[in-house]
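Below is one structure, written out as structure tokens, with a few remarks after it.
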Amino acid sequence: MKLRLMQNFGLKRKAFVIFLLLVIFPTLGVGVMVQTKFKDILREQYVNATIRNLDSVAGQLEEQTALVEDIANYLIFSPALNTYLRPGAREYTVATERAKDDVEGFLTFHLMSKSYIRSVDIRGYNGNSISIGEPINGAEEPWLELAAKRRGGIVWSEGYNAPSGWNREIHVVSLFRVLNAYPNITNPQGDLTIRMDQAQIARLLQNQVYREGGSVHVLNREGNYVLHSQVEAPPGFDPREALATMNQAGLRYMMLNAKGKPYLTFTRTMDTTGWTIITAVPESYVNAQSAGVRYVMTMILSLVLMLGVLALFGFHYTIIRPILRLKNETNRVKLGDYSAQLPVDSHDEISDLNRKFNEMVLTIKELIEHKYKQELRERESELRLLQQQMDPHFLYNTLDMIRWTARLEKAEKTSHLIETLSRFFRSSIGGGHYVSTVGQELQFVQSYLYLQQRRLGERFQYALYMEYDLADVSILKTTIQPLVENYIKHGVSRKSAHNVITVRCYAVGDEVWIDVQDNGPGIAPDKLEAIQEMLVGRALESQERSGAIRNIHERLSIYFGEGYGLSVVSSTPAGTVLRLIIPRTSRREGEEHEQLAQTAGSSDPDAGRGR
């Protein structure tokens with residue numbers, strides 16, 4: 001239906017519709033798809049980075065709390081502390097004083113080496129006590145009572161404010177524990193309090209986890225606040241509800257809404273204390289990270305569309321307008337105005353077509369002015385003589401004219417076949433040069449295979465591959481096409497619905513290998529043996545299939561020297577693989593080599609048989 005609608009369109013409208021369908025819409029679609037995909041990738045990268053940072057911070061915080069718990073465990077087993085806290089040690093003795101000095105030295109070392117510990121207090125039930133660090137006197141009775149109930153178990157407090165003898169007020173998180181005697185662990189001897197600097201922990205969380213507009217919160221097992229960052233929770237965001245929702249879903253991160261605003265929320269539970277770190281980052285911040293990339297991609301997309309529009313205008317001025325002008329001049333000739341002429345200002349196909357049109361109009365005018373019938377008979381006689389001596393260039397120029405005429409008549413398939421045949425003849429002539437390039441040879445082969453495919457139908461398929469930097473490598477003309485033609489003649493099976501030939505060109509060191517692979521029945525064993533003998537320098541009977549192989553091998557060996565030529569890689573009932581090996585030389589080097597060979601051949605007839 002769409003094709004029928006376009007049949008009524010002019011060239012301008014067709015070009016615009018094709019441009020719209022094949023350039024504008026695909027470019028916009030790909031641009032939107034790429035931006036969406038890139039946004040998802042950035043979000044995933046951000047999520048992974050935040051999780052890694054959260055794990056890193058949790059690991060550091062676990063390490064700090066584990067070290068504090070290790071200090072508490074060591075003190076229980078410390079002989080010096082047991083000596084200092086045992087009943088009856090209230091009176092001064094040398095042993096008691098030495099035990100106190102040992103404990104104070106141990107605590108002072110840890111206090112100086114671990115900046116996150118603010119102070120350590122030990123209150124013995126025998127009246128002895130030790131206080132190291134900043135003097136703090138806060139309302140800590142609830143946690144001391146809880147520690148007494150646990151009878152030696154560790155109790156971590158929430159964050160709380162406590163007056164300090166050095167500062168007005170500080171924020172701490174503390175460890176409380178009853179110190180039992182050792183080895184009589186059922187006998188409590190005193191209370192231990194180790195206070196950690198809450199502000200330093202908060203800075204650790206802020207620097208490593210949250211981003212602009214985000215907040216960090218730490219909850220204990222009971223859901224109470226242990227501490228939080230300086231940035232408060234977003235309005236409507238409850239860390240407890242968020243934690244419950246994420247635990248129920250079994251996820252470490254998810255998107256949660258607070259008063260209509262989405263927040264990326266992450267959690268991490270610490271093994272040592274059971275605390276859970278919760279951080280919430282606005283989605284707007286995550287999207288802002290990709291704003292610059294989106295801007296660049298939008299600019300690239302706009303540039304591509306602009307280039308597409310310029311291409312459309314270029315196509316209009318170089319292709320469509322000359323064709324419309326040709327149409328108008330043709331109508332003038334149709335109405336009897338033989339003064340119609342088209343400008344010829346370039347060397348492309350359209351100018352060639354214009355030149356032929358001008359010649360045609362002049363010829364028609366001459367035929368009308370002179371004796372039409374007599375000149376027509378003479379022209380027919382001349383054409384019969386010229387059929388055997390027709391200039392090849394005139395042949396493919398005329399094919400070009402026929403191709404454009406077919407296009408004007410809406411015969412697109414016929415036009416394309418004529419164009420391919422014209423390109424095939426043009427490549428086969430090649431300006432009389434003996435040397436071509438790999439890229440030109442593959443174009444020649446492609447034209448030939450396309451025509452064969454149109455002849456054989458869907459049961460024949462082909463594929464051509466070439467590394468992009470090998471297009472300018474020198475090769476002798478008509479080297480690959482005979483191998484392909486051999487397969488068409490001898491390998492294509494009419495019974496098979498899947499006849500395939502593949503040509504691959506790739507570099508191996510300083511050489512270029514060209515593999516021609518098919519799925520034909522293979523070469524007969526006796527013929528294969530004879531071909532192998534020929535390739536190593538022995539005699540070979542002249543046969544149609546092996547003759548082409550021999551010719552190609554000898555041409556390559558003579559031109560490029562020993563070590564180059566053709567070889568049979570394999571030949572089985574499942575197919576045959578032939579390989580051409582040539583040096584990796586440029587087109588310019590090949591032309592110089594050709595000139596030298598021709599010069600040497602003119603002075604010495606036998607000089608062209610070797611290097």
Side-chain angles (χ1 to χ4, degrees), residues 32-66 69 154-159 173 196 198 200-294:
V32 172
M33 181 178 65
V34 169
Q35 287 200 9
T36 303
K37 186 65 177 177
F38 192 80
K39 179 181 178 181
D40 294 339
I41 293 174
L42 284 181
R43 178 190 294 273
E44 183 179 356
Q45 291 179 348
Y46 178 83
V47 167
N48 294 334
T50 303
I51 290 177
R52 287 195 300 269
N53 290 337
L54 196 61
D55 291 339
S56 175
V57 171
Q60 296 180 47
L61 195 54
E62 285 178 338
E63 182 180 356
Q64 293 178 2
T65 54
E69 291 182 357
I154 292 177
V155 175
W156 282 98
S157 71
E158 296 86 12
V173 176
M196 299 178 64
Q198 179 182 346
Q200 191 172 101
I201 299 175
R203 282 196 298 271
L204 173 66
L205 296 174
Q206 290 172 194
N207 293 336
Q208 296 293 331
V209 178
Y210 92 97
R211 299 294 186 266
E212 295 180 10
S215 60
V216 182
H217 311 273
V218 181
L219 305 180
N220 60 15
R221 288 188 177 92
E222 291 76 23
N224 299 323
Y225 275 104
V226 176
L227 55 92
H228 57 80
S229 61
Q230 295 178 356
V231 180
E232 296 182 355
F237 183 84
D238 188 346
R240 298 182 183 87
E241 294 181 359
L243 179 60
T245 302
M246 297 178 72
N247 288 339
Q248 185 178 3
L251 299 174
R252 284 197 60 185
Y253 76 93
M254 65 185 305
M255 187 70 70
L256 298 176
N257 292 323
K259 288 193 174 181
K261 294 183 178 180
Y263 289 84
L264 267 176
T265 307
F266 303 84
T267 64
R268 171 65 155 82
T269 301
M270 298 170 53
D271 297 331
T272 55
T273 59
W275 296 347
T276 300
I277 303 174
I278 303 175
T279 178
V281 182
E283 186 185 28
S284 58
Y285 173 80
V286 181
N287 295 334
Q289 303 303 302
S290 60
V293 177
R294 290 201 304 272

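Small disclaimer: the values here were computed from a predicted structure and weren't measured. When reading the values below, keep in mind they use all heavy atoms of this one structure, side chains included, and skip hydrogens, waters and symmetry mates.
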ask   = Taking S56 for the side chain and R52 for the main chain, is one N or O donor matched with an acceptor at less than 3.5 Å?
value = no

ask   = Among pairs that include at least one residue of residues 257-275, which meet salt bridge (charged side-chain N to carboxylate O under 4.0 Å, His left out), considering only residues two or more places apart or in two chains?
value = D55-R268, E62-R268

ask   = Can you tell me how far the NE2 atom of H217 sits from the CG atom of L243, to the nearest 0.5 Å?
value = 11.5 Å

remark   = By side chain to side chain contact (heavy atoms under 4.5 Å, CB included), E69 pairs with (sequence neighbours left out) I154, W156, L175, T273

request  = List the steps and the verdict of side-chain contact (heavy atoms from CB on, under 4.5 Å) for V281 and Y263.
outcome  = CA-CA 5 Å; V281 182; Y263 289 84; over 6 Å; no

ask   = Which heavy-atom pair separates A258 from P235 by the least distance, and what is that distance?
value = CB-O, 3.6 Å

request  = With rounding to the nearest 0.5 Å, note down the distance linking OG1 in T265 to CG in L251.
outcome  = 11.0 Å

ask   = Can you tell me how far CG of N53 sits from OG1 of T279, rounded to the nearest 0.5 angstrom?
value = 10.0 Å

task = Check whether any side-chain heavy atom of W275 lies under 4.5 Å from a side-chain heavy atom of V173, and answer yes or no.
result = yes

remark   = Residue set satisfying side chain to side chain donor-acceptor pair (under 3.5 Å) with T267, at least two apart, ordered chain then number -> none

query = Does E63 CD have over 12 foreign heavy atoms under 6.0 Å away?
reply = no

Any I277 side-chain heavy atom under 4.5 Å of F266 side chain = no

query = Residues two or more places apart in sequence or in another chain: which of them pass side chain to side chain contact (heavy atoms under 4.5 Å, CB included) with N224?
reply = E158, N220, E222

Rounded distance [0.5 Å steps], CD1 in I51 versus CZ in R252 = 5.5 Å

remark   = With sequence neighbours left out, the residues meeting side chain to side chain donor-acceptor pair (under 3.5 Å) with T269 are T276

request  = Can you measure from CD (Q64) to OG1 (T272) and round to the nearest 0.5 angstrom?
outcome  = 10.5 Å

note = All heavy atoms of G159 vs all of Q198, minimum pair found to be CA-OE1, 3.6 Å

query = By side chain to side chain contact (heavy atoms under 4.5 Å, CB included), which residues pair with M255, not counting sequence neighbours?
reply = R43, P262, L264, E283

query = Heavy atoms, side chains only, cut-off 4.5 Å: are M254 and T245 in contact?
reply = yes

